[in-house]
Each structure stands twice: as structure tokens, then as C-alpha cells.
Q: 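One structure is given below, represented as C-alpha cells, and several questions about it will come after.
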There are 2 protein chains.
Amino acid sequence: MEEVAISVLVSSLNPQGRESARDTVYRALRHDILHLILKPGTKMSEQEVSERFEVSRTPVREVFMCLMQDGLVEIYPQRGTYVSLINLEYLEEGRYVRELVETAVISEAAGRLSEDDLFRLETTLAAQEISCRNKDYLRMLALDDHFHATIFRACGRARTWEAVSQLSHDFYRARVLRLSHDFNWDTIVRQHYAIFEGLRKGDKEQVARVVREHLRMAIMDRERLRKEFPDYFVQP
Amino acid sequence: MEEVAISVLVSSLNPQGRESARDTVYRALRHDILHLILKPGTKMSEQEVSERFEVSRTPVREVFMCLMQDGLVEIYPQRGTYVSLINLEYLEEGRYVRELVETAVISEAAGRLSEDDLFRLETTLAAQEISCRNKDYLRMLALDDHFHATIFRACGRARTWEAVSQLSHDFYRARVLRLSHDFNWDTIVRQHYAIFEGLRKGDKEQVARVVREHLRMAIMDRERLRKEFPDYFVQP
DNA sequence: TAAGGTATACTAGTATGGCAGTTTCGTGCT
DNA sequence: AGCACGAAACTGCCATACTAGTATACCTTA
């Protein structure tokens with residue numbers, strides 16, 4: 001059921017439907033990095049990955065390049081490729097831009113969504129409630145992003161969402177990191193409902209306010225995170 | 001003297017200083033596509049490119065991948081790779097996001113720039129006046145971007161600028177296209193001066209207003225462009 | 001024992017060849 | 001003349017071999 005997140009992330013790889021070895025490896029590694037299965041700072045050898053996926057080094061190499069462009073790995077020629085560390089400055093930058101763009105886009109969307117769009121959002125909300133009850137946090141995270149992505153797409157801003165997401169990789173990883181701890185997803189679901197209602201009623205003020213609140217809530221205690229996982233972060 | 005633009009564009013390819021064959025080809029092709037030397041819709045064969053740059057097909061392949069991620073080419077497996085057409089929707093989307101982000105960032109920057117930053121901006125302005133007098137339009141374009149990039153970088157938002165630029169490739173190509181026609185760069189330089197003054201005085205209102213005006217001015221007559229270069233654009 | 005230099009085992013970068021699709025164009029048949 | 005078929009010439013995809021640069025462990029030497 002990871003497809004919710006993945007379909008958003010990859011999408012633009014192959015104009016046709018077919019999936020190359022490259023796409024497979026790219027999806028897998030990207031997923032593993034974003035979900036901290038591959039921990040920041042880990043060394044990734046082309047050889048090792050090519051053996052794990054049973055492909056040659058060529059597609060792996062290309063995947064590494066893409067991941068570097070995404071800012072997810074760093075390649076040091078003749079030395080090695082490493083999962084990039086989480087950069088708190090990048091994190092804040094991503095969050096800031098997202099707040100900026102999303103409040104604007106969502107105000108624009110208020111009252112303009114089609115019945116179809118609203119249905120999609122409501123369905124996602126239902127899924128969120130279930131996942132929340134089951135304490136399936138990773139799926140919650142995916143659905144959270146899916147909710148926001150749907151709104152962007154509904155206003156014809158799919159590319160904007162992708163660009164903003166691109167900038168928010170460290171934000172995402174930090175959110176995953178925080179999952180191991182507490183955190184009340186109830187609040188998030190409630191906020192989503194508030195956004196949904198605001199969108200339906202067309203209340204620009206409300207949706208902008210809630211979204212801002214929603215994203216600011218995600219400003220977690222960074223120092224604590226850094227204390228707890230010191231070698232996951234770049235030192236300032 | 002293209003370095004002004006290029007250094008901004010590439011930057012993050014190689015953590016070290018050295019440049020691989022891949023980087024060279026990437027830079028060159030990217031430049032050629034953005035400046036319409038390679039026209040939208042052109043077929044690009046791996047073979048042809050590898051011969052032109054006297055490298056093997058492997059780095060060329062990798063460059064094609066990167067360009068696809070940038071949205072500058074489209075790869076159809078077993079058929080060919082083509083320079084992507086300009087999409088007016090993407091163009092407007094890029095312009096919209098840029099307006100949104102840049103007005104916010106620049107208001108934030110007002111009154112907070114260091115002497116060093118202001119000096120850099122003023123130097124760029126001087127260069128612009130010269131290029132304007134010489135009617136060196138391509139350099140004007142590069143300097144225009146450089147001016148804005150400098151502001152972003154000065155507020156520690158370099159990555160934001162890159163992400164926004166990424167989204168603005170079609171916007172950029174359209175600007176290049178328009179260069180062949182009229183257009184009063186004087187106005188642009190004057191606006192830049194106004195921005196500069198506003199930044200120095202710390203007048204948030206002024207800079208935001210001018211930037212918005214500045215970017216809206218770039219809303220060119222799209223229909224005319226499409227009429228004139230019909231096969232450069234995707235049909236809606 | 002400690003320091004320095006060298007050999008070796010890595011790394012990523014590049015070149016090349018073979019494969020499997022797709023397109024194109026020429027040939028032969030109707 | 002027009003249409004269908006097939007061969008050939010592309011395309012990108014992947015595997016493999018080789019090059020060159022880097023880190024490290026070990027051995028030599030002072």
C-alpha cells in the first residue's frame with residue numbers, strides 16, 4: 001500500500017508504462033532512504049546494490065546520479081557514495097517554501113474543487129482515520145502527503161507539488177524520524193478535516209490559517225532529534 | 001562569460017572541483033536547450049552527441065537521464081530522445097510560484113543584506129547597464145537571473161532559488177524566444193535599481209511591489225509566440 | 001617503537017558490445 | 001497503382017571489461 005506515496009514520487013520516469021531495471025532500483029532506494037531504512041551517512045556501493053537487485057552496475061550508477069540530483073545521496077568520485085545527512089537548514093527551507101506555496105495554492109482552491117476532487121479527499125480522510133486507529137504511522141505519513149498532493153493536483157499544480165516535495169526531502173525524513181516517538185496524529189486528521197470543510201465551503205481565510213498551523217505544528221524539537229540521532233545530521 | 005548563468009545552474013554536480021566528461025556534456029546540452037540552440041522537438045541521438053563531444057555513449061546516456069529529470073528532454077524507449085516542447089501551462093506555473101516565493105523572500109531580505117551582498121548586487125547592475133547598451137541580450141538574460149539568484153543566496157535561500165529555477169525552465173526558454181523581438185531591457189534594469197534601493201532602505205512594501213511588477217511584465221503575448229513558433233509548443 | 005612509504009583492494013568513470021524493441025523504407029504481390 | 005509484408009537500420013537498455021584515482025593495511029626502515 002506504499003503506492004500512495006510512490007506513485008506521487010516517481011510518476012515522471014517513463015513516458016510509457018513499462019518499468020526498467022533502473023526505475024525499479026530508483027524507486028526502491030528512494031523509498032529506503034526517505035524512510036530511513038538506509039540511514040543517513042551509510043555507504044552505498046554500486047557493486048553491493050547491483051548484487052542485491054541482480055542487475056549490472058550500469059543502471060545502478062544511473063540511479064545514483066538521479067538520487068544525487070534529488071539531494072538524497074552524495075557521490076565522491078573514486079571514494080564512494082553516501083546517503084546524505086539530514087540538513088536542518090534545508091529542512092527549514094523546505095518547510096518555509098511549502099508553507100508559502102501551500103497557503104497560496106489552497107486559498108485559491110477553496111470553493112473551486114469539483115465533486116470528484118472532494119470525493120477523493122474525503123476518501124483519503126477515511127483511510128487516514130483507519131490508519132490512525134491502527135497506529136500505522138508510516139501509512140499515515142503517506143496518506144498525509146497524498147492528501148496535500150491531491151489538493152495541488154486538483155488545482156492543476158501537480159508540478160508545483162513535485163518541486164516543493166523535492167525541496168522537502170529532509171523535512172520528510174525528519175518526520176519519519178519523529179514517528180518512533182509520540183505525536184498525535186489525531187490532531188493532524190482533525191486539521192485535515194478542517195481543511196476539507198474549508199475547501200468545500202470556500203472559506204479562503206480558514207484553509208490558509210489551518211494549513212499554516214498544520215505545517216508549523218511539524219516544527220519539531222530539532223535539538224532533541226539531533227541529540228538522539230547525532231550522526232544523522234550535518235553539523236552546522 | 002556565460003559562467004554567470006552556468007555557475008548558478010550546475011553548481012551541485014561534483015562535490016569536488018574536477019569535471020567529468022558527463023558534467024561537460026550536461027552543461028553544454030543544458031545550455032543549448034535552454035537557449036534554444038537545440039530547438040524544442042529536436043531529436044537527439046546518443047550516438048550523435050557522443051560523436052560530437054568525443055566521448056562514449058555511457059556518459060551521454062546519463063546526461064540524457066538528468067535532462068529528463070530536469071524536464072528538458074523526453075525519452076521514449078527504443079524510439080528516441082527529443083528536446084521537450086515548451087508547455088505554456090508549465091510556464092505559467094513556474095512564473096506563479098516564482099512570484100509567490102520571490103516576493104516573500106525579498107521582503108524578508110529588505111534591510112538585512114550585508115554590505116558585501118549589496119556590493120555584489122550593485123556590481124551586477126553595472127554589468128547590466130553595459131550589456132544593455134551593447135544590446136547583448138543573452139548576457140542580459142543571464143545577468144537578470146544572476147541578480148535574483150544573488151538575492152536568494154544572500155538570505156540563505158540558495159536551494160529555494162534552484163528549486164524555483166527548476167520549475168521555470170519553460171519560462172526561461174520563452175524569455176529567450178522573446179529576445180529575438182523587441183523588448184525594453186531598460187525597464188528591467190530600472191526595476192532592478194528600484195529593487196536594489198528598496199533592499200538597501202529596507203522598504204519591504206516597495207521591493208515586493210516592484211518584484212511582482214517585474215515578474216508580471218514577463219507575461220508576454222503567448223498567443224503571438226505560439227503563432228510565430230507553432231511547433232515549439234505543446235498543443236493544449 | 002614509531003614513522004613513512006608501498007602494495008593492494010577498493011571506488012567511480014568510461015568504453016564497448018550485444019540485445020530487444022521500434023521505425024522506416026524498399027520489395028513483391030495483388 | 002496501391003497495399004501488405006519483411007528486412008534493415010535505427011533507438012535505448014543492459015552487461016562487462018578496463019582505466020584511473022583513493023584509502024588503507026602492512027611492511028620496511030630509522
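In what follows, chains are A, B, ... by sequence order, proteins preceding strands, each numbered from 1. The structure presented is a predicted model; accordingly, all values stated were derived computationally and were not measured.
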Q: What nucleotide, of C:dA15, C:dA12, D:dC14, holds the atom closest to the side chain of B:Val55?
A: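 So the side chain of B:Val55 is nearest to C:dA15.
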
Q: If we check side-chain contact (heavy atoms from CB on, under 4.5 Å) with B:Val73, which of these qualifies: B:Met44, B:Met65, B:Arg30?
A: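 That would be B:Met44; it is the only one of B:Met44, B:Met65, B:Arg30 passing the side-chain contact (heavy atoms from CB on, under 4.5 Å) with B:Val73.
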
Q: Specify the separation, in whole Å, of atom OH of A:Tyr76 and atom P of C:dA12.
A: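 Rounding to the nearest Å, OH of A:Tyr76 and P of C:dA12 are 13 Å apart.
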
Q: Does A:Arg22 make a side-chain donor-acceptor contact with the base of D:dG12, cut-off 3.5 Å?
A: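 Such a pair does not exist between side chain and base.
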
Q: Rounding to an integer number of Å, can you tell me how far A:Gln47 CD sits from D:dA17 C1'?
A: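 Answer to the nearest Å: 13 Å.
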
Q: Going by an N to O cut-off under 4.0 Å, is there a salt bridge joining A:Lys43 and A:Glu48?
A: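 No salt bridge links A:Lys43 with A:Glu48.
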
Q: Is the phosphate of C:dT16 approached by B:Ser56 (side-chain N or O, under 4.0 Å from OP1 or OP2)?
A: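 It does not, given that no N or O in the side chain of B:Ser56 lies less than 4.0 Å from OP1 or OP2 of C:dT16.
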
Q: Tell me the interatomic distance from B:Phe64, atom CZ, to D:dC13, atom C1', rounded to whole angstroms.
A: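 About 14 Å, once rounded to whole Å.
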
Q: Where each residue is assigned the nucleotide of DNA chain D containing its nearest heavy atom, which of A:Ala21 and A:Arg57 is assigned the position nearer the 5′ end?
A: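 The 5'-side residue here is A:Ala21.
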
Q: For the pair made of CD in B:Glu62 and C1' in C:dA12, what is the distance, rounded to whole Å?
A: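 Rounded to whole Å, this separation is 10 Å.
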
Q: Any donor-acceptor pair under 3.5 Å between the side chain of B:Thr81 and the base of D:dT11?
A: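 Under the 3.5 Å cut-off, the side chain and the base do not form any donor-acceptor pair.
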
Q: So that I can tick it off, tell me whether B:Glu89 and A:Arg159 are bridged by a salt bridge, with the cut-off set at under 4.0 angstrom between side-chain N and carboxylate O.
A: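 Answer for the salt bridge query: no.
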
Q: Does a side-chain N or O from A:Ser45 land closer than 4.0 Å to OP1 or OP2 of C:dT11, or not?
A: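 Yes, within the criterion.
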
Q: So how far is it from B:Thr42 OG1 to B:Lys39 NZ, rounded to the nearest 0.5 Å?
A: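 Nearest 0.5 Å value for the OG1-NZ distance: 7.5 Å.
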
Q: Rounded to whole angstrom units, what separation is found between the CZ atom of B:Arg79 and the P atom of C:dT24?
A: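 It is 10 Å, rounded to the nearest whole Å.
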
Q: Over how many whole Å does the gap from B:Glu51 atom CD to C:dT16 atom P extend?
A: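 Taking CD of B:Glu51 and P of C:dT16, I get 12 Å after rounding.
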
Q: In whole angstrom, what separates B:Glu54's CD from C:dA15's C1'?
A: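 For the pair B:Glu54 CD and C:dA15 C1', the rounded distance is 14 Å.
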
Q: Charged N to carboxylate O below 4.0 Å: is that the case for B:Arg95 and B:Glu99?
A: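 Result for this pair is yes, salt bridge flagged.
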
Q: Over how many whole Å does the gap from B:Ile75 atom CD1 to D:dT11 atom C1' extend?
A: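 Taking atom C1' of D:dT11 as the reference, CD1 of B:Ile75 is at 11 Å.
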
